[in-house]
Number of protein chains: 2
Amino acid sequence: MPTFKRPKRATILDLAAFTGVSRGTISRAFNNQAGINPQTRDKILKAARKIGYQPHNGARMMKLSRKGRWGLLLPHLRNPYYSELVEALNRVARSRHTTLLLGLSLEENESLAMIEQWTAGETDGLIMDQSYYRQNPAFFDQLREQGQPMVFLHGKPIPGFDFVGYELYGSFFRNMKTLAALGHRRIAYVGQAFEGCRSTGRYTAYSAFHVQNKWPLQEELVFFGEDGHVGGLKAWGHFVTLPEPPTAVVCGDDIIACGLIQGIRSHGMEIPGHVSVSGVDDIAEAERLGLTTIHTDRDETSRAIMDILERRIADPTLPPQVSIITSSLILRDSEGAPRTEALIRGARD
Amino acid sequence: MPTFKRPKRATILDLAAFTGVSRGTISRAFNNQAGINPQTRDKILKAARKIGYQPHNGARMMKLSRKGRWGLLLPHLRNPYYSELVEALNRVARSRHTTLLLGLSLEENESLAMIEQWTAGETDGLIMDQSYYRQNPAFFDQLREQGQPMVFLHGKPIPGFDFVGYELYGSFFRNMKTLAALGHRRIAYVGQAFEGCRSTGRYTAYSAFHVQNKWPLQEELVFFGEDGHVGGLKAWGHFVTLPEPPTAVVCGDDIIACGLIQGIRSHGMEIPGHVSVSGVDDIAEAERLGLTTIHTDRDETSRAIMDILERRIADPTLPPQVSIITSSLILRDSEGAPRTEALIRGARD
DNA sequence: TTGTAGGCGTTATCAA
DNA sequence: TTGATAACGCCTACAA
């Protein structure tokens with residue numbers, strides 16, 4: 001029969017009594033500082049293990065200015081890109097003896113409350129998706145004035161802030177070229193709708209390619225919808241009603257592409273037979289689907305984030321640091337020659 | 001030009017000086033206790049907002065026994081089931097004014113170190129995948145003796161511990177029946193290999209169904225492989241070499257099924273034309289693929305977890321609590337009538 | 001209803 | 001190399 005007692009951990013005083021050594025020495029032993037006899041250190045550590053002593057983190061946070069903790073704020077984990085980023089950041093953080101605090105929320109009040117908690121002595125700084133800044137610039141401007149280290153992720157650099165983002169324009173442009181070379185002339189774009197969605201590297205590459213080739217930019221082929229795979233699903237629902245549906249669709253991210261593929265297949269069409277599709281991010285599902293995409297390296301991103309943050313801590317007067325991670329186009333089997341019109345009419349009937 | 005100062009948050013003393021009220025009153029205002037003038041309370045809260053005061057969490061944790069924090073330990077987030085669980089638990093936790101600390105690791109030393117950290121005054125208790133217990137039962141037995149609240153997830157109840165798991169046997173059995181009714185006679189099983197993998201609800205349903213129908217249980221149709229989609233991928237690599245490949249494959253989870261589907265398609269075969277496939281978990285990808293699966297409700301699971309933990313806190317002498325969440329079979333388009341042998345031979349050549 | 005003061009478990013600064 | 005002691009920022013009796 002199991003017994004349950006009130007959890008009562010040993011404190012530094014218990015260990016001091018047990019070992020006969022002072023608290024100061026114990027502290028030195030645990031933070032393996034210089035100026036301590038290796039023998040006593042060993043003795044202390046061994047005794048700690050025996051009586052189950054572990055330094056109380058709340059107490060040390062009160063004394064220490066470095067918390068060894070970073071707050072990571074993301075909208076959600078429904079997009080595997082975010083999960084993969086969490087994993088990568090976690091790995092890098094651990095290798096640098098720090099921990100991540102994960103906050104998941106899109107709701108402004110919740111995220112601000114979380115940030116205020118964290119910045120009140122729990123974390124050394126913040127890692128956030130850029131969307132949070134857009135929600136409430138004044139709040140983050142103020143935070144920066146207070147000297148709070150923080151780095152924003154994704155999209156375009158925010159003047160005055162540390163930033164890590166991807167260079168997507170080049171890869172996206174190359175993908176457009178690939179499709180054009182395959183013979184596509186009606187290429188659609190699907191992205192998430194948000195303020196400034198027409199100035200992302202992806203969309204500007206899309207439109208620039210049209211301009212360069214003197215193709216007309218047709219609004220019916222540009223779809224800005226909701227976040228996630230539902231956006232892609234609805235996008236195809238729209239495209240398929242056009243008199244002349246696109247023969248290829250380039251998506252703002254993989255999860256949109258996954259939804260789009262689901263939509264295409266639900267209409268009885270095939271990829272790339274009827275429609276070519278591509279995404280951005282190179283999530284695991286993209287590989288499973290054989291989806292052409294643009295790879296962005298999470299590990300490299302994570303390292304860049306931690307580097308920036310560490311330098312910011314070391315020297316708070318540093319000017320804003322910006323890291324742009326390069327991307328690479330991954331060609332898989334979701335792109336092929338455009339269908340003949342007879343083919344799609346057959347499928348639609 | 002942005003300026004960067006050392007982050008120096010206001011303390012309770014600053015606020016006391018600013019408002020002219022004592023620290024005690026401020027504390028009472030923030031923990032909205034009885035016996036405080038609503039006007040002063042308002043005044044304090046407003047002043048706090050103005051000078052940016054926020055109680056220091058480390059300091060309060062030293063005083064308080066309830067930390068309002070739960071440690072969640074998961075192997076990784078590569079399986080979206082875990083991400084979805086994290087999201088759901090996060091939602092429920094937030095609605096109960098608690099926070100989750102997420103630890104991601106399979107490595108024994110790392111996870112134990114993390115747990116020791118957390119249990120040293122950072123969390124009210126632990127939420128863990130069952131696999132951690134298997135790694136080091138003695139460690140967790142000892143933790144329980146110390147009165148540490150913890151609940152294990154998935155698989156089978158661990159005697160003496162709080163537990164939340166799924167009832168999968170029934171749904172899995174029904175799925176077998178569905179396949180049999182469609183005409184399948186060679187149904188394969190793919191699951192993750194681990195100690196006790198043959199006593200899961202899924203596999204026992206699989207074997208019981210064979211016994212009940214007096215079908216021989218063929219070892220060549222049972223594949224226990226590595227975790228994740230790679231397991232599924234390799235499973236099909238094995239099955240396809242058989243003189244008579246299975247006409248249907250039931251998988252231990254969706255991510256395995258996703259890998260299996262990838263494998264099947266890479267051999268030029270179709271689902272369910274050549275092979276019927278099913279999974280367990282009902283991850284988002286399953287819906288996108290039209291995969292028949294067994295739905296397990298993350299929200300219900302999360303609520304059950306929090307309920308158990310809260311009751312454990314309230315009364316540490318409670319006997320071990322076990323919550324079994326029911327599941328439901330979701331029929332989609334990945335199951336159909338078995339192929340004729342001519343079909344698969346054609347595809348293979 | 002409010003103020004006062006002791007203590008929570010550490011680390012850091014002194015002396016010894 | 002070690003020990004004593006003063007913070008750290010907060011909560012909570014207890015006193016006013």
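Naming: A, B, ... by sequence-line order, numbering from 1 per chain.
Sorted pairs that involve residues 34-48 of chain A and meet side-chain hydrogen bond (donor to acceptor under 3.5 Å, both in side chains), not counting sequence neighbours, are lacking altogether.
A donor-acceptor contact closer than 3.5 angstrom links the side chains of A:Tyr166 and A:Thr301.
Between A:Phe152 and A:Phe161, the ring center distance clears the sub-6.0 Å criterion. Aromatic pair B:Tyr133/B:Phe163: ring centres not closer than 6.0 Å.
Under the 3.5 Å distance criterion, the side-chain polar atoms of B:Ser302 are matched with a main-chain donor or acceptor of B:Leu89. Remark: side-chain polar atoms of A:Thr98 are paired, donor with acceptor, to backbone N or O of A:Ala93 under 3.5 angstrom.
Summary for the helix from C:dT1-D:dA16 to C:dA16-D:dT1: the axes at its two ends, each from 5 pairs, differ by 40° when rounded to the nearest 10 degrees.
Residues that satisfy the salt bridge (Lys or Arg N to Asp or Glu O under 4.0 Å) test with A:Arg96, not counting sequence neighbours, are A:Asp307, A:Glu310.
Note that CD of A:Glu122 is 12.0 Å distant from OG1 of A:Thr99, once rounded to the nearest 0.5 Å.
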Donor-acceptor contacts under 3.5 Å from residues 109-120 of chain B side chains, at least two apart:
residue, atom, partner, partner atom, Å
B:Glu110, OE1, A:Arg94, NE, 3.3
B:Glu110, OE1, A:Arg94, NH2, 3.3
B:Glu110, OE1, B:Ser105, OG, 2.9
B:Glu110, OE2, A:Arg94, NE, 3.3
B:Ser111, OG, B:Glu107, O, 3.0
B:Ser111, OG, B:Glu108, O, 3.0
B:Gln117, OE1, A:Asn57, ND2, 2.5
B:Thr119, OG1, A:Arg9, NH1, 3.3
B:Thr119, OG1, B:Ile115, O, 2.8
B:Thr119, OG1, B:Glu116, O, 3.3

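Taking the six-membered ring where tryptophan is involved, the planes of B:Tyr82 and B:His154 are tilted, since the angle between them lies from 30° to 60°.
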B/S/- contact track for nucleotides 6-13 of chain C, protein heavy atom under 4.0 Å = BBBBBBBB
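Phosphate proximity of C:dT2 to B:Thr40: present, with a side-chain N or O under 4.0 Å from OP1 or OP2.
The nucleotide range of DNA chain D contacted by chain B, defined by atoms under 4.0 angstrom from heavy atoms of the protein and reported 5' to 3', is D:dG9 to D:dA13.
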